[in-house]
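In what follows, a structure is listed as structure tokens, so that the remarks can point back to it.
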Amino acid sequence: MSKKLLIVESPAKAKTIEKYLGDDFTVKSSYGHIRDLEKGNDLGVDVNNGYRPNYVIPTDKLRTVKDLRENAARVGEVWLATDEDREGEAISWHLCEVLNLDPRTTKRIVFHEITKPAIQKAVLSPRTVDMNVVNAQQARRVLDRLVGWELSGLLWKKVKGQLSAGRVQSVTVKLVVERERDIQHFKISPYFKIVAQFFAKNTQGKLVTFKAESPTRFDDEAGAEGFLKKCINANYTVNNIDVRPTRRKPAPPFTTSTLQQEASRKIGYSVNRTMSIAQKLYEEGYITYMRTDSTNMSESAILAMGAEIVKQFGEKYHHERRFKTKNESAQEAHEAIRPTYVERQSISGNRDEQRLYELIWKRAMASQMADAELEKTSVDIAISTHPEAKLVAEGEVLKFDGFLKLYLESTDDEEEETQVMLPPFVKGQVLEMDDMTATERFTRPPARFTEAGLVKKLEELGIGRPSTYAPTISKIMEANRGYVVKESREGEERVFQIITLKNNQLTKKTGKEITGTTKQVLYPSDMGMIVSDFLDEHFKKVMDYGFTASVEQEFDHIAEGKTEWSSMIDGFYRPFHTDVEKTLKEADRASGERILGIDPASGRTVLVRMSSLGRPVIQIGTGDELIEKEKPRYANLRPGQSLESLSLADALNSFQLPRALGEYEGEVLEVNTGRYGPYVKFGSTFISLSKGEDPFETSYDRAVELVKIRQEADRPLGQFQSVPFTKGKGKFGPFIKWADLYINIPARYSFDTLTTQQAVELIEAKLEKEANRYIHHWPEDGISVENGRWGPFVKFGKAVVNLPRMDGVKMTADQALTLTLIDVKKIIETELPGAFDEKKTPAKKGAAKKAAPKKKK
DNA sequence: CAGTGAGCGAGCTTCCGCTTGACTT
């Protein structure tokens, strides 16, 4: 009975595989990597000694490793079944190192799909760890550390502390910066397009209208007007009819990147949201693994989908397809993202989960369905008075829907034309025109990236991996040192000309439209631009979009055993490190400073720059202009302004704050902007302006309105247990404040007309819930066992302690009820050793525990 | 919470890629 231990990367996978393998194997998970380069003050790599890596087990992996060691000791043999890609091979090798296994003899198996036949087959042909592939991973890891650590360290000295740089994140930021500049420098030019509206009879003999457009466009109004003038008193005849059958093919099933794009376009999810919902679906067993670069599906899945399509739609709709992954950097360790059981058309779960699942199901099914067949019609219309010109009407008819029955891939282009059906025509047919218009249009600058659009670009460039797309996007948008911000901005009004020809009369008018409106798109911050420019100037090679692709090729050579990994790293590192040293010595601090001109009032220099706090600032007066001990005047940038594009006039405008608005009820009213955004000051009370409100525009009336709202909110609504309560609107929506308690007001109540009676009900309900929160409560010990979102947990002062698991399973509330104070103290003692030794207050313990992981390197 | 921002300058920060659970508004 020599049982075997099989180690995979994902616990969800472990569960499934254990089911397929039967009693011979125990299957455990490594939860990804188990060792990493040491994270100290040095590089964690010995650059003077063949780049020897210093690997350690991170503290949060100690438990996993301990568990694996115990399991390994219990069995006769350990098998490694980590993913078949560079990282997976390395994890297997690290497991050998940590579990004292010989990599030359330890059995290593791989599967690209988690199906019973695939796994049973894999077990029959084990191999051993491929050290060449492991070395390619070590090279990847070491290179990323050297680049990341040295560039970040340089930024701390030349720009600001806390900043980060790396092979992936820095070019990602550069993409956003360059796109923004392309947009800023784009020259919008107007043109006129000509569209005529005609009448014709449809197949039922009913008169309908259709549109035809001139293929020629005009650069100016005179040209467009000339065209229309020429059409006065013209006759229009059908000159040529071109009918062309076309086909459309379904897109391949989802990879991580395409899932993120479509979930963003079709249901508006951020990449993070998509991934966390997909993770949930995966853990529930509804879909295959969600971090993949492959469009391949298992044979059994292809068969099952075929059967389902035939069953639901008939044989005609079925077309078996196998998709080749186009992306060169793909490592294809997993399948495409597909439903595990195609018969399951919908799932239980919350709305988000259902919508994402439905998207995945449809996309996978559609990929095995027949082409859609269309008929495209193009009709040329001759103009009697204008023989060298023509108008063209285009239409499209769907002859057979095929895969479109289920799924149509979206595009980023907003101006997606919907299908137009044309009436039937015969050659020579005379058409009656309703009107013809020349409308002024404008060339459009490239669009800013959405999160998912940026992921798409990264994938095209081979930068980053499926598991890192979402974290990379989050990284560059991090709150305090964001290089990139996601924002929606309002557009501007634009006037355009319209010339109409109707009843042989020309008329002109102007129209208005809003242009440049954006929704949840990525803008570079000032810091993003400064850092990106700095790195680009001094590290051309690393900042080149092709850098990752070229080092990937070198990693491939290592994996094939053609190159020794440390010599590859040496070839990169020597010149790179020289550049770092040189930049450190020679480069100026990067502050993005720009002189805007002279302040007419004082005659002093006006400039913008990044302050040492990492905030952009406008400054008046510098160096010699200031008299002794005098400080320059400072002002902040307003939302939407940037260091790079701020004008002198806008800069001077910002010095209008603080602005006195007058008096109200004998108190001074003033508007200003502070650390927490713009506010109105009323005597000694501060009232924040609502989001997007411009302090430069705030009127006296608006300020009084805000004061009144505040006074209203502060007026007690009533009393409960002789303690007054008030209502207000906060970060998390409307609330009632009673004593120290904040109680959310649910949407079913009307905030404005909330009665005292209703408020009391809400307070009572909250108190009731608070009471139920505790499973045990020992206030004198500062200990409680409470019901949390993830089940029961122990609270010790401010510290949170998890209850021990039984075979990895969490304790239920009922089980927690049986715990005594002694039991709970023991649990705390194990988790927080020495918690009861000294005479420290529980609160201090909590603080100490929180600080601990940071200090321990 | 509410007008900072050089100047003097301790000691801190950081990478990419695998994974999940984290934790108590």
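Proteins come first, then strands; the chains are lettered A, B, ... in the order of their sequence lines, and each starts at number 1. None of the values given here were measured: they were computed from a predicted structure.
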### Task
Report the relative orientation of the aromatic rings in A:Phe576 and A:Tyr573; use parallel for angles under 30°, tilted for 30 to 60°, perpendicular for over 60°.
tilted

### Task
Write down the distance between OH (A:Tyr483) and C1' (B:dT13), rounded to a whole number of angstrom.
11 Å

### Flag if over 12 foreign heavy atoms under 6.0 Å of CG, A:Asn41
no

### Query
Do A:Arg140 and B:dC16 have a side chain to base donor-acceptor pair shorter than 3.5 Å?
yes

## Note on the structure
For A:Lys15, the side-chain contact (heavy atoms from CB on, under 4.5 Å) test, sequence neighbours excluded, returns none

### Query
Is there a stack between A:Phe686 and B:dC1, judged by ring centres under 5.5 Å and planes under 30°?
no

### Message
Need one value for A:Arg465: base, sugar-phosphate or nothing, where a base atom within 4.0 Å counts as base even if backbone is also close, heavy atoms only.
### Response
sugar-phosphate

### Query
Given B:dT20, is OP1 or OP2 found less than 4.0 Å from the side-chain N or O atoms of A:Ser10?
yes

### Message
Any base atoms under 4.0 Å from A:Tyr289, or only sugar-phosphate, or nothing? Heavy atoms, all strands.
### Response
sugar-phosphate

### Query
Does any N or O donor sit under 3.5 Å from an N or O acceptor when you compare the side chain of A:Arg291 with the base of B:dT19?
no

### Message
Just to be sure I understand the rule, does A:Tyr282 reach a base, reach only the sugar-phosphate, or reach nothing, if contact means heavy atoms closer than 4.0 Å?
### Response
sugar-phosphate

### Query
Distance check: side-chain N/O of A:Lys13 vs OP1/OP2 of B:dT19, anything under 4.0 Å?
no

### Task
Please say whether more than 12 non-hydrogen atoms of neighbouring residues, nucleotides or ligands are located less than 6.0 Å from NZ in A:Lys158.
yes

### Query
Can you name the side-chain contact (heavy atoms from CB on, under 4.5 Å) partners of A:Thr64, sequence neighbours left out?
A:Tyr31, A:Lys61, A:Leu68

### Task
Have a look at A:Ala165 and say if it touches a base, only the backbone sugar-phosphate, or nothing, with a 4.0 Å heavy-atom cut-off.
sugar-phosphate

#### Entry: Pairing residues for A:His538 by the ring-ring contact (aromatic ring centres under 6.0 Å, His included) criterion, not counting sequence neighbours
A:Phe534

### Between B:dG5 (C1') and A:Met527 (CE): distance, integer Å
13 Å

#### Entry: Residues that A:Tyr282 engages under ring-ring contact (aromatic ring centres under 6.0 Å, His included), provided they are two or more places apart
A:Tyr289

### Presence of A:Ser467 side-chain N/O under 4.0 Å of B:dC18 phosphate oxygens OP1/OP2
yes

### Message
Categorize A:Ser29 for me: base, sugar-phosphate, or nothing, with a 4.0 angstrom heavy-atom threshold over every strand shown.
### Response
nothing

## Note on the structure
Sorted by position of nearest nucleotide on DNA chain B, 5' first, the leading residue of A:Glu150 and A:Glu552 is A:Glu150

### Message
Say we look at B:dT13 and B:dG9: how far apart would their C1' atoms be, to the nearest angstrom?
### Response
16 Å

### Task
Go through the steps to decide whether A:Arg659 and A:Glu670 satisfy the test salt bridge (Lys or Arg N to Asp or Glu O under 4.0 Å), and finish with yes or no.
CA-CA 6 Å; A:Arg659 237 172 71 229; A:Glu670 189 182 87; over 6 Å; no

### d(CG, A:Leu95; P, B:dC18) in whole Å
16 Å

### Query
NA contact type, A:Gly88, heavy-atom cut-off 4.0 Å: base, sugar-phosphate, or nothing?
nothing

### Query
Considering only side-chain heavy atoms of A:Glu9, which listed nucleotide, B:dA2, B:dC18, B:dC15, is closest?
B:dC18

### Query
Is any side-chain nitrogen or oxygen of A:Gln279 closer than 4.0 Å to OP1 or OP2 of B:dT20?
yes

### Query
Can you name the side-chain contact (heavy atoms from CB on, under 4.5 Å) partners of A:Asp144, sequence neighbours left out?
A:Arg140, A:Arg141, A:Arg167

### Query
Any ion pair linking A:Glu630 and A:Arg604 (charged N to carboxylate O, less than 4.0 Å)?
yes

### Message
Counting distance alone, no hydrogens or angles: does the base of B:dC16 have a donor or acceptor under 3.5 Å from a partner atom on the side chain of A:Arg145?
### Response
no

### Message
Which helical stems does DNA chain B take part in, if a stem means at least 3 consecutive Watson-Crick or G-U pairs with both distances below 3.5 Å?
### Response
none

### Query
What nucleic acid atoms does A:Gly166 come within less than 4.0 Å of, heavy atoms only: base, sugar-phosphate, or nothing?
sugar-phosphate

### Message
Mind checking if A:Val617 touches a base, just sugar-phosphate, or nothing, with heavy atoms under 4.0 Å?
### Response
base

### Query
Does a nitrogen or oxygen in the side chain of A:Arg141 sit under 4.0 Å from OP1 or OP2 of B:dC18?
no

#### Entry: Protein-nucleotide distance (A:Glu283, atom CD; B:dT20, atom P), rounded to Å
6 Å

### Query
So, A:Trp156 and B:dT13: ring centres less than 5.5 Å apart, planes less than 30° off, yes or no?
yes

### Query
How is A:Pro471 classified with respect to the nucleic acid when contacts are heavy atoms under 4.0 Å: base, sugar-phosphate, or nothing?
nothing

### Message
Between P on B:dG17 and NZ on A:Lys39, what's the gap in Å once rounded to a whole number?
### Response
15 Å

### Query
Between A:Val671 and A:Leu37, which has a closest nucleotide on DNA chain B that is more 5'?
A:Val671

### Task
Using side-chain hydrogen bond (donor to acceptor under 3.5 Å, both in side chains) as the criterion, list what pairs up with A:Asn272, not counting sequence neighbours.
A:Ser474

### Query
Looking across every strand, which nucleic acid part, if any, lies under 4.0 Å from A:Ser152 by heavy atom: base, sugar-phosphate, or nothing?
base

### Query
Relative to A:Trp93, does A:Arg35 satisfy both conditions: NZ or CZ under 6.0 angstrom from the six-membered ring centre, and within 45 degrees of the ring's axis?
yes

### Task
Take the protein atom CD of A:Glu593 and the nucleotide atom P of B:dG5, then report the distance between them rounded to whole Å.
17 Å

### Query
Nearest of B:dC18, B:dT19, B:dC16 to any side-chain atom of A:Tyr31?
B:dT19

### Message
Measure CZ/A:Phe655 against P/B:dG5 and give the value in whole Å, please.
### Response
15 Å

## Note on the structure
Per atom distances to the A:Val168 side chain, the nearest of B:dC18, B:dT14, B:dC16 is B:dC16

### Query
Atom CD of A:Gln138 and atom C1' of B:dC18: how far apart are they, to the nearest Å?
15 Å

### Message
Closest approach to the side chain of A:Gln162, judged atom by atom: which nucleotide of B:dT20, B:dC16, B:dC12 is it?
### Response
B:dC12

#### Entry: Those residues of residues 630-637 of chain A lying under 4.0 Å from DNA chain B by at least one heavy atom
A:Lys631, A:Pro632, A:Tyr634, A:Asn636

### Message
Please classify the nucleic acid contact of A:Gln137 as base, sugar-phosphate, or nothing, using heavy-atom distances under 4.0 Å.
### Response
nothing

### Summary
Applying side-chain hydrogen bond (donor to acceptor under 3.5 Å, both in side chains) to A:Tyr634 and not counting sequence neighbours gives none

